[in-house]
Number of protein chains: 2
Amino acid sequence: MPQEIERKYLLKEDSWRESASGTIYCQGYIATKDQTTVRVRIVGKQGYLTIKGPSVECSRLEFEYLIPVEDAEEMLNTLCQRPFITKTRYKIKWGDLIWEIDEFHGLNEGLIIAEVELTDPEQQIELPPWIGEEVSHDHRYFNSYLVKHPFSEW
Amino acid sequence: MPQEIERKYLLKEDSWRESASGTIYCQGYIATKDQTTVRVRIVGKQGYLTIKGPSVECSRLEFEYLIPVEDAEEMLNTLCQRPFITKTRYKIKWGDLIWEIDEFHGLNEGLIIAEVELTDPEQQIELPPWIGEEVSHDHRYFNSYLVKHPFSEW
């Protein structure tokens, strides 16, 4: 069963930027039902269609497919709720794990979230020094929530 | 822009069965928002993920992707609302067009719908003798509606 197991944190300082280079992500939500989400994302010249199930502890069922970027653009423009989520994603290796740091733009400017993907919900993690409060269980930090309630309005 | 343009009809008699052989379809809906639907379908050993936009006249934006049948089974079992739609689809060539006749099963048993896909909403159609009332604009015949309101409850 394709599971996404991840933990999310806020950042307490900026030293992670020293070794980071980022990539722009643009994404929107075609539909959400309860906590099931259907997301379309563009990264560079590639489109992605992703279905995620409800979150249980730190785990969600996840299915992701590559799609033509033209399809992704058209779905964003015609089917997705505004505003889109735009963010710069930085990937930083720390110990054995890859941390993904999302710096949001637009109406979510000012929000920065670090995520780490795990193979087991009980897995022990060595936290980098720039990691702050854990927000894994706070639904406000779901990207699908940020579409409806942007960070600038919190 | 990938458009699905189709017209739907009820059937007035059964002579179409003479030359028809059918295939079983099983499908469910991961999410619907207004008239935008996210459908997962299994036909034989192939899975399909299909996004359709709102219907305007006889046209809908449609994106369809092949996916592994194992993914489709898991999405049906874990993310889709019950009951699933099961139906036998028959394809019949009539003149220059292919007619698709869906004979529904389960809670929708007794419902048979013929659909024809067009290249232009204004296209003239030669109607086969077994075609009855047109229901293109009746939302009750949307498969996504039948999940929530099966034909046996009409």
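Sequence lines set the chain letters: A, B, ... in the order given, protein chains first and strands last, and positions in each chain run from 1.
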Might you confirm whether atom [atom1] of [X] has over 12 heavy atoms from other residues, nucleotides or ligands at distances under 6.0 Å?
X     : atom1 : result
A/E57 : CD    : no
A/D14 : CG    : yes
B/K45 : NZ    : no

Candidate pair A/E74 and B/F63, rule side-chain contact (heavy atoms from CB on, under 4.5 Å), full reasoning: CA-CA 10 Å; A/E74 199 164 343; B/F63 302 89; 4.0 Å; yes
Minimum-distance pair of heavy atoms, taken over all atoms of A/Q81 and B/K33: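 Reported closest heavy-atom pair: N-NZ, 4.0 Å.
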Exercise: identify the closest heavy-atom pair between B/L79 and A/G53: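 B/L79 and A/G53 have their closest heavy atoms at CD2-CA, 3.6 Å.
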Answer yes if [X] and [Y] sit in the same cluster of Ile, Leu, Val, Met, Phe, Trp and Tyr residues linked by side chain heavy atoms under 4.5 Å apart, and no otherwise.
X      : Y      : answer
A/F151 : A/F84  : no
B/Y48  : B/I42  : no
B/I30  : B/L61  : yes
A/V43  : A/V69  : no
B/F142 : B/F104 : yes

Selection from A/D34, A/V38, A/T36 maximising heavy-atom pairs under 4.5 Å formed with chain B: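 Answer, by heavy-atom pair count under 4.5 Å with chain B: A/V38.
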Stepwise side-chain contact (heavy atoms from CB on, under 4.5 Å) test for A/D71 and B/I51: CA-CA 11 Å; A/D71 287 10; B/I51 317 283; over 6 Å; no
Within residues 107-137 of chain B, residues adjacent to chain A where the heavy-atom gap is under 4.5 Å: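 The residues closer than 4.5 Å to chain A amount to none at all.
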Interchain contact, B/E70 with chain A, by part (heavy-atom threshold 4.5 Å):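 Neither part; nothing is under 4.5 Å.
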OH-CD1 distance between B/Y65 and A/I67, expressed to the nearest 0.5 angstrom: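 One gets 4.0 Å once the value is rounded to the nearest 0.5 Å.
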